[in-house]
Amino acid sequence: MNPIFILSLYIIRLKESFMRVISLLMSLSILIGVGVYAQESVTLSLGQAIELALQNNISVIQAENNISSAHGNVLAAYGNYLPTLSASGGWNRNQSDRAGSSTQIVGGQVFTLPASFSVTNSFSTRLDLSYTLFDGFAREASFNRATSNAISVEQQSQRTRQSIVYQMESGYLNVLRKEQLVKVTEENLKRSRRQLERITESNRVGALALADVYRQQSQVAADELSLINAQNDYDKAKADLVALIGLDYSQEYHFSDPSISTVIDQNEINATTEKYKDVTALTQRALSSRPDYMSTKEAFHASESGVTAARSGYFPSVSASAGYGLSNPEFSRISDNKNISWGVNIRWNIFDAFQTNQALQSAIATKRNAEIALLQTERSVSVEVKKALLDLDAARKQLDVTQKGLVSATEDRRIAEERYNLGAGTLLDLLVANAGFVNASANNVNAFYFYVITKRNFEYVLGERTY
């Protein structure tokens with residue numbers, strides 16, 4: 001690897017950081033709007049909700065931190081290709097103080113040593129340069145491993161962002177689904193109340209029995225309970241979405257996005273079916289674009305480099321060094337004594353008590369496990385594509401069936417209502433027909449959003465969208 005590769009890595013990181021700053025500013029503008037209109041309901045589109053989630057989600061933040069750490073490891077591994085330079089300097093002081101009464105025996109004669117006092121200073125400085133010429137390909141393997149690990153971490157981060165976006169889309173669409181179910185129950189309750197008013201008035205003039213009034217009152221109560229439950233489910237879905245985004249619970253939020261269609265054209269369904277029909281081609285697309293699969297592949301490449309690094313212990317290492325030093329008892333004359341040294345060193349660890357063998361066997365086992373993990377990820381991707389395709393087909397069929405069922409239930413309720421108004425049918429028949437219509441409406445809403453969510457899930461499984 002060359003310095004251009006390192007520079008390209010950091011240019012990419014700088015570009016990503018710039019884009020994150022732009023996204024953060026957009027998110028802050030949304031939050032500032034929230035603070036200004038704190039007493040009002042804030043409406044968030046799907047795109048705004050995704051931007052906020054990507055800024056606030058802990059998993060995304062942790063993944064970004066891991067990228068910074070991995071790039072630091074790449075830079076450190078690249079540093080092994082560069083020489084090391086160190087500088088040192090020192091000052092030592094030696095003081096000798098001897099009393100006059102001290103004696104020393106030399107050749108059998110006793111001498112009295114005079115008193116003495118001396119001080120010696122020593123100043124030194126040195127510059128050393130060393131460079132590894134060959135280390136059994138350990139530094140090459142370390143750099144390749146660090147690079148593969150960095151790419152793997154980046155791919156993991158990308159998959160984390162894809163996962164958060166898909167969760168946001170699913171949660172957002174679920175809120176819209178719950179909102180539509182609330183509207184269905186509200187319309188049903190309004191209709192039941194209007195029906196109760198008509199039945200009560202007919203009973204007052206003697207046209208209908210009092211039993212019909214009680215029966216309709218019971219139905220109104222049941223419809224009110226259904227609305228309460230539907231509204232509670234809607235509120236809980238919004239709370240879950242607010243938690244996923246990481247917003248303040250004290251603020252009231254409304255989720256609406258005009259870009260999300262509430263109807264699906266048959267031509268669009270046919271186009272989607274035609275687009276996603278070849279499971280083999282779809283699997284290959286997923287394997288070529290899924291960040292988690294690419295991350296596992298890079299982890300396998302890193303394990304291969306780990307084997308090379310472990311095997312380097314069997315080779316000798318060759319290094320070159322040079323040094324330049326100055327020393328003198330007087331600092332002002334430190335340049336009087338110069339020392340220059342250079343040389344080449346070879347070191348070969350002939351026997352290390354099987355430590356290199358142990359490291360090599362451990363690296364080989366890690367490589368085998370990484371290879372198994374790669375194969376398992378490939379299988380998982382294939383299975384997920386197949387299951388997503390089956391879900392999409394089932395969602396298409398459910399949508400078609402529920403649409404037909406809604407048309408039939410609508411007509412059935414209309415006929416039952418006309419028969420009851422003419423006195424040819426009973427209230428029970430009308431209630432049964434109305435219950436069928438409400439159930440068909442709810443099924444159609446659920447089928448519509450199930451199809452939309454399933455389609456987005458297929459996009460998530462393919463892993464082709466980047467954020």
Side-chain angles (χ1 to χ4, degrees), residues 1-6 8-10 62-63 65-86 128-159 287-288 290-322 343-382:
M1 300 294 178
N2 52 45
I4 297 178
F5 179 81
I6 299 297
S8 64
L9 278 178
Y10 281 90
Q62 291 175 336
N65 293 337
N66 292 337
I67 290 178
S68 299
S69 176
H71 283 188
N73 293 335
V74 172
L75 185 61
Y78 178 74
N80 293 329
Y81 287 96
L82 304 177
T84 59
L85 181 65
S86 63
D128 291 292
L129 179 70
S130 64
Y131 181 70
T132 300
L133 301 175
F134 178 73
D135 61 355
F137 307 105
R139 62 181 173 185
E140 289 79 6
S142 297
F143 181 76
N144 292 336
R145 179 170 54 187
T147 303
S148 296
N149 285 331
I151 297 175
S152 177
V153 170
E154 288 180 345
Q155 294 294 336
Q156 291 175 4
S157 175
Q158 179 60 29
R159 190 56 177 174
L287 291 176
S288 63
R290 279 276 292 263
D292 53 341
Y293 178 74
M294 303 301 295
S295 174
T296 307
K297 183 182 290 187
E298 290 297 331
F300 172 70
H301 293 162
S303 67
E304 290 181 318
S305 300
V307 173
T308 303
R311 190 178 286 115
S312 65
Y314 288 121
F315 296 92
S317 61
V318 182
S319 62
S321 61
V344 177
N345 300 310
I346 300 178
R347 185 176 184 275
W348 196 348
N349 199 353
I350 299 176
F351 179 71
D352 62 355
F354 306 109
Q355 296 302 308
T356 299
N357 179 73
Q358 187 274 333
L360 179 59
Q361 295 304 318
S362 177
I364 291 175
T366 301
K367 175 186 172 183
R368 290 172 179 170
N369 291 334
E371 185 176 10
I372 294 173
L374 180 61
L375 293 175
Q376 182 59 40
T377 303
E378 184 175 350
R379 295 192 190 101
S380 299
V381 170
S382 301

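Just so it is clear, the structure is predicted and the values come from calculations on it, not from any experiment.
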*Applying side-chain hydrogen bond (donor to acceptor under 3.5 Å, both in side chains), which residue pairs with at least one partner in residues 129-143 are found, sequence neighbours left out?*
Thr84-Ser130

_With heavy-atom distances below 4.5 Å as the criterion, would you say the side chains of Glu154 and His71 are in contact?_
yes

*Is there a donor-acceptor pair closer than 3.5 Å between any side-chain N or O of Ser157 and the backbone N or O of Val153?*
no

*Look up atom CE in Met294 and atom CG in Leu374, then write down how far apart they are to the nearest 0.5 Å.*
10.0 Å

*Could you check if a side-chain atom of Glu378 sits within less than 4.5 angstrom of a side-chain atom of Leu287, using non-hydrogen atoms only?*
yes

*Tell me, please, which residues at least two apart from Ser303 pass side chain to side chain contact (heavy atoms under 4.5 Å, CB included).*
Phe300, Thr366, Lys367, Ala370

_Exercise: identify the closest heavy-atom pair between Ala141 and Ala309_ = CB-N, 3.5 Å

*Which atoms form the tightest heavy-atom contact between Ala70 and Ala150, and what is the distance?*
CB-CA, 3.7 Å

_Spacing of CZ belonging to Phe143 relative to OG belonging to Ser305, to within rounding of 0.5 Å_ = 10.5 Å

*asked:* With a 6.0 Å cut-off (strictly less than), is the heavy-atom count around CZ of Phe351, excluding the residue itself, greater than 12?
replied: yes

*With rounding to the nearest 0.5 Å, note down the distance linking CG in Asp292 to CD in Gln158.*
11.0 Å

_Results of ring-ring contact (aromatic ring centres under 6.0 Å, His included) for Tyr314 - residues two or more places apart only_ = none

_Holding to side chain to side chain donor-acceptor pair (under 3.5 Å), I want the full list of residues that pass it with Gln156, two or more places apart in sequence or in another chain._
Ser295

_Inter-residue atom distance Thr308.OG1 - Leu360.CG, 0.5 Å rounding_ = 9.5 Å

*Partners meeting side chain to side chain donor-acceptor pair (under 3.5 Å) with Asn66 (sequence neighbours left out)*: none

*Check salt bridge (charged side-chain N to carboxylate O under 4.0 Å, His left out) between Asp128 and all other residues, then give those that pass, not counting sequence neighbours.*
Arg126

*For the side chain of Ser148 and the backbone of Asn144, is there at least one donor-acceptor N/O pair under 3.5 Å apart?*
yes

*Distance from Ser319 atom OG to Leu133 atom CG, nearest 0.5 Å?*
7.0 Å

*For the atom pair CG (Leu375) and OG1 (Thr296), what is the distance rounded to the nearest 0.5 Å?*
10.5 Å

*Can you label the angle between the Tyr81 ring and the Tyr78 ring as parallel, tilted or perpendicular, going by 30° and 60°?*
tilted

